[in-house]
K.L.:
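Mind having a look at this structure? Questions to follow.
As the structure is a prediction and not an experimental result, all values here were calculated from the model. Both ligands and their constituent atoms are indexed starting at 1 by order of listing.
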Amino acid sequence: MPVMEISPSSCHVFLLLATLAVGVVSGLTIQSDDARIHYHGRWDDSPGTWWAGSGFKLHVKNATTMKIQLGPTTTTPFAAVGVSVDYEPFFTVNASAGWNDIPLPAAPTFKRSDKSVIRVNVEGWQNNRINLQTIVFNRGATLHPYKPSKLSFQFIGDSLSAGQYLPLGVDQAWPFLLGEQFKAEHTINAQPGATLTDIPSYGNVHGVSFQFFKTEDTGYVWTADHNYTTPWDFRRDRPSPTHVVIHIGANDVSQGVTPDQFVQEYLGFLKRLRTIYRTQPIFVFTPWGWPSADGNVWYYYDGKYEEIVRKRIALGDSRIFLVNTTGWVTFDDVFADNQHPNVPGHAKIANLFSEWLENWGLRPERQWATPA
Ligand SMILES: *[C@@H]1O[C@H](CO)[C@@H](O)[C@H](O)[C@H]1NC(C)=O
Ligand SMILES: *[C@@H]1O[C@H](CO)[C@@H](O)[C@H](O)[C@H]1NC(C)=O
Ligand SMILES: *[C@@H]1O[C@H](CO)[C@@H](O)[C@H](O)[C@H]1NC(C)=O
Ligand SMILES: *[C@@H]1O[C@H](CO)[C@@H](O)[C@H](O)[C@H]1NC(C)=O
């Protein structure tokens with residue numbers, strides 16, 4: 001066979017054939033480096049997601065069809081992705097490397113000629129990597145900048161905040177629901193099984209006091225193509241969080257971290273957080289505990305969260321607040337076999353914290369900054 005010479009015109013033929021083969025390039029094509037994509041959460045340079053809840057938001061007009069092309073580092077066989085159009089409830093798409101259809105609901109919820117907000121995020125605390133390459137809408141669709149909410153929550157925690165065991169993962173967890181209630185941006189760095197203390201715990205090679213400052217969640221260690229961490233550049237959190245919420249300690253107590261060690265760890269973590277979040281209010285949750293069938297609730301580190309907050313205030317930190325969650329969660333609110341909040345339990349916690357915040361003085365936004 002003669003070696004085929006690639007002339008400019010045969011190049012065009014190849015491109016045309018490639019275009020016909022994927023059948024989608026005729027529409028509005030958006031590359032992953034387009035500044036109009038509003039990324040949130042932790043993305044590496046590929047760009048690929050880490051940590052439950054990371055994703056992107058788009059403000060688009062006249063969209064009827066949507067496809068996303070994902071690259072090779074996407075979780076196999078798929079990553080569960082939550083999708084919401086025009087602030088309607090999230091639904092799941094199992095997205096894989098290659099082209100994925102994102103079903104857009106029909107009118108009237110989704111008014112074709114109007115601008116719409118499409119939100120996409122990974123739901124899982126594991127198997128949560130999407131490697132975004134291209135987004136394609138129908139011909140006639142136009143992309144517009146997404147304006148983020150003035151309110152932006154940063155949540156830090158473990159399985160009790162990550163949505164472990166929930167059908168829609170983090171999208172049904174109390175931090176996510178709270179963010180939605182306040183019409184706020186929200187980022188959730190929550191690692192199931194992890195201690196605050198930087199020690200190995202239930203499959204995590206590091207504690208949250210280490211991992212929070214990294215792009216990757218602790219799943220990196222099980223990941224052959226990206227078996228390392230990189231520092232997270234907090235300037236990439238745009239907008240910068242306006243409120244920081246921490247609920248942690250359950251795994252520290254299981255791993256035998258003593259109450260006094262825990263206080264020291266937590267104070268060290270807060271000191272480091274204050275180098276990033278200098279003036280933002282920080283909310284420290286007490287544990288809501290582990291409820292059992294007999295009606296008892298097992299609380300841990302009694303009095304220690306109060307001590308942490310007291311000590312910070314003594315150091316001159318006036319923007320730190322204890323959220324007393326004692327009594328918030330009963331056996332009805334948890335899965336019987338693992339005592340983690342169930343779907344109604346997470347909604348209840350979100351409502352109680354929402355009430356707490358309103359009493360504290362924070363009002364939800366009246367409408368989303370980018371209305372649908
Ligand atoms: C996603 O995959 C899971 C596991 O195979 C399956 O149970 C679920 O129904 C799938 N969801 C959708 C929306 O395809
Ligand atoms: C919407 O897109 C269709 C093609 O899909 C086009 O015919 C129509 O003019 C567009 N409408 C607006 C308002 O841009
Ligand atoms: C990642 O690196 C760690 C430590 O070097 C090693 O123990 C682990 O097996 C590696 N994991 C993968 C999936 O390559
Ligand atoms: C937390 O709330 C419980 C139940 O209302 C109460 O008994 C306890 O004293 C409170 N703790 C603090 C530190 O306010």
K.L.:
Identify the residue among V60, L58, V117 that makes a side chain to side chain contact (heavy atoms under 4.5 Å, CB included) with Y146.
P.N.:
V117
K.L.:
Looking only at protein heavy atoms, which one is nearest to atom 13 (C) of ligand 4, and how far off is it?
P.N.:
E306 OE2, 3.0 Å
K.L.:
Which atoms of ligand 3 have any heavy atom of V221 under 4.0 Å away?
P.N.:
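Per the distance check, 1 (C), 10 (C), 11 (N), 12 (C), 13 (C).
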K.L.:
Centre-to-centre under 6.0 Å for F212 and F234, is that the case here?
P.N.:
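So the answer is yes for these two rings.
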K.L.:
Do D252 and K304 sit within salt-bridge range, that is, some charged N less than 4.0 Å from a carboxylate O?
P.N.:
no
K.L.:
Tell me, which protein residue and heavy-atom name are nearest atom 8 (C) of ligand 3, and how many Å apart are they?
P.N.:
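So the nearest neighbour among protein heavy atoms is N227 ND2, 3.9 Å.
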K.L.:
For the residue pair W174 and F285, is the inter-centroid distance of their aromatic rings smaller than 6.0 Å?
P.N.:
yes
K.L.:
Strictly less than 4.0 Å: does any protein heavy-atom distance to atom 11 (N) of ligand 3 fall in that range?
P.N.:
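Yes, at least one protein heavy atom sits under 4.0 Å from atom 11 (N) of ligand 3.
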K.L.:
Determine, using ring centers only, whether F262 and F269 are less than 6.0 Å apart.
P.N.:
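Between F269 and F262, the centre distance exceeds or equals 6.0 Å.
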K.L.:
Closer than 4.0 Å and a protein heavy atom, does any atom meet both conditions relative to atom 5 (O) of ligand 4?
P.N.:
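Protein heavy atom within 4.0 Å of atom 5 (O) of ligand 4: absent.
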K.L.:
For atom 2 (O) of ligand 4, grab the closest protein heavy atom and report residue, atom and distance to one decimal in Å.
P.N.:
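That would be N324 ND2, 2.3 Å.
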K.L.:
Using 0.5 Å steps for rounding, measure from the OG1 atom of T187 to the CZ atom of R42.
P.N.:
8.0 Å
K.L.:
Taking distance alone, with no angle check, do A224 and ligand 3 share an N/O pair under 3.5 Å?
P.N.:
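Among all N and O atoms of A224, none is under 3.5 Å from an N or O of ligand 3.
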K.L.:
Does NZ or CZ of R119 lie under 6.0 Å from the centre of the six-membered ring of Y87, at an angle within 45° of the ring axis?
P.N.:
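No, R119 and Y87 do not form such a contact.
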K.L.:
How far is atom 1 (C) of ligand 1 from its nearest protein heavy atom, and which residue and atom is that?
P.N.:
N94 ND2, 1.5 Å
K.L.:
Give a yes/no verdict on whether any heavy atom in F78 is under 4.0 Å from an atom of ligand 1.
P.N.:
yes
K.L.:
Before signing off on this row, confirm whether T92 and ligand 1 have an N or O atom pair separated by under 3.5 Å.
P.N.:
no
K.L.:
So, T230 and E216: side-chain donor and acceptor under 3.5 Å apart, yes or no?
P.N.:
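E216 and T230 do have a side-chain donor-acceptor pair below 3.5 Å.
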K.L.:
Any idea which atoms of ligand 3 are less than 4.0 Å away from a heavy-atom of W222?
P.N.:
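Counting from 1, the qualifying ligand atoms are 13 (C).
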